[in-house]
Structures are given as C-alpha cells and as structure tokens.
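So you know, we letter chains A, B, ... as the sequences are listed, proteins then strands, and number each from 1.
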Amino acid sequence: MFSAATWNVNSLRRRLEALAWFADEIAPDVICLQETKVIDGLFPAAAIAAMGYPHQVFTGMKAYNGVAIVSKVPLINPEVKSWCDRDDARHIFAGVETGTRLGCLEVHNLYVPAGGQIADPLKNPKFAHKLAFITELTHWWAARGAGAGRIMAGDFNIAPLAADVWSHERLRRTITHTEIEIIHLDALQRSARWIDAVRLLRPETEPLFTWWSYRADDWEAVNKGRRLDHLWVSEDLARAASEAIIFKAARDWQLPSDHAPVIVSFSV
DNA sequence: ATGGTCGCTTGGCGA
C-alpha cells in the first residue's frame with residue numbers, strides 16, 4: 001500500500017500534537033498540509049521529522065496561508081507556484097519517490113482562496129480572486145495536459161456535489177457551493193483529466209464532509225459540514241486507488257483543526 | 001439578518 005493525505009491544519013504549530021497523533025494512528029506515506037501559518041524560518045522541521053516525516057518541502061508566510069508536503073519517502077524538485085500575481089503560499093508541488101511500482105509521483109498541494117462572504121465577483125474582490133485563481137490554474141494544467149503519476153490535493157474550498165454539503169438547498173447561494181464555483185472546479189478537473197479519488201471510491205449520494213465550523217456548539221450532532229478538502233488523481237492512480245477515508249476522529253481531538261484529514265490508499 | 005469560534009497577534013482580519 002501507498003497512502004497520501006491532505007489536511008488543513010489551521011496553524012501547523014498549534015496542531016503539532018494533533019499531527020503527531022495522526023502520524024501515529026494513520027501514518028500516511030505523504031501528507032499535504034494547508035494553512036500552516038508559519039514562515040519558513042520557523043517551520044517545525046525537527047518535530048515533524050521525529051514523527052517519521054523527515055522529507056519536507058514548504059512555503060509559508062506570516063499569519064496566513066502556507067502549504068507544506070511532509071513525507072516518509074524522498075521528495076525531489078520542489079516548486080512553488082504563484083497565481084494572480086501574488087506570492088501568497090498557496091501551491092507547492094514535488095516529486096515523491098514512492099519506492100513502489102507507482103514510481104515517482106508528482107504531488108501538488110493547494111490552498112484555494114476561501115473567497116469571503118458575498119457570492120458576487122463584482123462586489124467581492126476575494127470571490128473574484130478565488131475564481132481567477134482557479135481559472136489560472138486551469139489554464140496551466142490545460143497547457144501541461146493529462147499525465148500519469150499525479151496527485152493534486154488540498155483545501156479547494158469548494159464542495160461541488162449536493163452530497164458534499166449538509167443542505168444543497170440552503171447553501172446553493174453560499175460561497176463554497178455556488179454554481180459558478182462548481183463550474184470553475186469542473187473546468188479545473190477536466191483540464192488534465194483529474195479524477196476525484198474520494199468520490200471514485202464512495203457513492204456520489206453519500207454525504208461526505210471534511211470541514212465543520214468552529215461556531216457550532218456540537219459539530220457532530222448538528223453535522224452542518226461541507227466537503228472542502230479533496231484528493232484528485234491521474235487515471236493510472238485511479239486504477240490503483242483502493243480506499244478513501246475522511247478521518248473525522250481528528251475533528252474531536254483536543255485543539256482540533258476545523259478540517260478533518262482525507263486519506264487515499266493505493267494498491268502497489 | 002445576525003452571531004456563534006478559532007488563530008494570529010494585541011486590533012482586527014481572515015476563515
């Protein structure tokens with residue numbers, strides 16, 4: 001088995017203990033982390049190496065955003081991408097030497113802008129930025145074309161399917177579930193023939209959430225969640241994908257992130 | 001329509 005995970009930790013330093021628990025309980029081979037909220041000079045490299053993840057690539061900034069890939073197996077040729085002319089630490093990718101028949105994978109880790117509150121790009125620059133970010137990324141992937149051995153994971157901040165939100169009717173005008181966002185995400189998915197590994201392995205009608213607001217009194221009982229975190233794969237990896245887990249238990253740990261990790265396993 | 005809670009940083013923004 002080879003496994004890959006994505007987790008928006010909402011501050012890596014605040015979530016170090018939780019990451020250690022995750023490393024103990026699930027131990028994915030490679031983990032994509034978003035919202036690390038730490039500058040590179042303060043990245044907790046030694047602590048994460050001690051969890052079994054000595055291979056690390058990251059790009060961070062003060063207080064906001066930040067993405068990292070940490071791995072049990074070697075990472076090569078890391079690159080940081082900037083979209084919409086902003087160096088805001090939302091996209092990093094690297095080669096992952098799996099040491100299996102899967103070979104060296106290209107793993108992309110994304111933190112798509114959340115987009116603010118008002119679902120109108122003319123009135124809300126944050127929403128315009130979100131759509132432009134996805135459009136630029138789509139053009140880049142279309143130019144690169146479809147390929148093998150690829151993973152694109154992260155907090156995409158869009159829940160595309162009706163079963164990706166607690167109420168399709170109540171949220172269809174709410175950012176993360178608007179039609180225009182879903183159209184943008186669909187275009188991104190088509191740009192390089194990405195396959196949503198989680199929905200490949202689960203029925204499209206099964207409610208699946210990866211995020212629950214901090215503001216709910218009892219997040220699990222109320223269960224007003226959304227599936228914002230995704231792990232997409234190229235067709236060859238889709239054929240090898242064997243299991244998808246949303247690790248809800250992490251949402252109940254002490255000092256939880258508001259996002260749960262998503263893990264996909266591949267037969268090797 | 002509003003507020004509810006976090007994290008970073010110490011006032012207020014972003015989510």
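- Between the CG atom of A:L33 and the P atom of B:dG7 there is a distance of 16 Å, given to the nearest Å.
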With a 3.5 Å cut-off and sequence neighbours excluded, list the donor-acceptor pairs that the side chains of residues 71-80 of chain A form with protein atoms.
{"from": "A:S71", "atom 1": "OG", "to": "A:V73", "atom 2": "N", "distance (Å)": "3.0"}
{"from": "A:S71", "atom 1": "OG", "to": "A:V73", "atom 2": "O", "distance (Å)": "2.6"}

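- Pairs of residues two or more places apart, or lying in two chains, that qualify as salt bridge (Lys or Arg N to Asp or Glu O under 4.0 Å) and include a residue from residues 245-264 of chain A are A:E220-A:K248.
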Could you list the protein-to-nucleotides 13-15 of chain B atom pairs, N/O on both sides, closer than 3.5 Å?
{"from": "B:dG14", "atom 1": "OP2", "to": "A:K126", "atom 2": "NZ", "distance (Å)": "3.1"}
{"from": "B:dA15", "atom 1": "N6", "to": "A:R215", "atom 2": "NH2", "distance (Å)": "2.5"}
{"from": "B:dA15", "atom 1": "N1", "to": "A:R215", "atom 2": "NH2", "distance (Å)": "2.8"}

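- Between the NZ atom of A:K224 and the P atom of B:dG4 there is a distance of 15 Å, rounded to whole Å.
- A straight line from CG of A:L42 to P of B:dC8 spans 12 Å, rounded to a whole angstrom.
- Distance A:L12 CG to B:dC8 P: 10 Å, rounded to the nearest Å.
- Counting only residues at least two apart or on different chains, the salt bridge (Lys or Arg N to Asp or Glu O under 4.0 Å) pairs with a member in residues 103-112 of chain A are A:E106-A:R144, A:E106-A:R150.
- Heavy-atom minimum distance, A:A68 versus A:F58: CB-CB, 3.7 Å.
- Under the rule for a side chain to side chain contact (heavy atoms under 4.5 Å, CB included), the partners of A:A20 that lie at least two apart in sequence or sit in another chain are A:M51.
- The same atom, C1', is picked in B:dA1 and in B:dG12; the two are 22 Å apart, to the nearest Å.
- Of the P atoms belonging to B:dC6 and B:dT2, the separation is 23 Å, rounded to the nearest Å.
- With sequence neighbours excluded, the residues forming a side chain to side chain contact (heavy atoms under 4.5 Å, CB included) with A:A197 are A:L231, A:V233, A:V264, listed by chain and number.
- For the OP1/OP2 pair of B:dG7 and a distance below 4.0 Å, the side-chain nitrogens and oxygens of A:R13 include no atom meeting the criterion.
- Going from atom CH2 of A:W253 over to atom P of B:dC6 covers 18 Å, rounded to whole Å.
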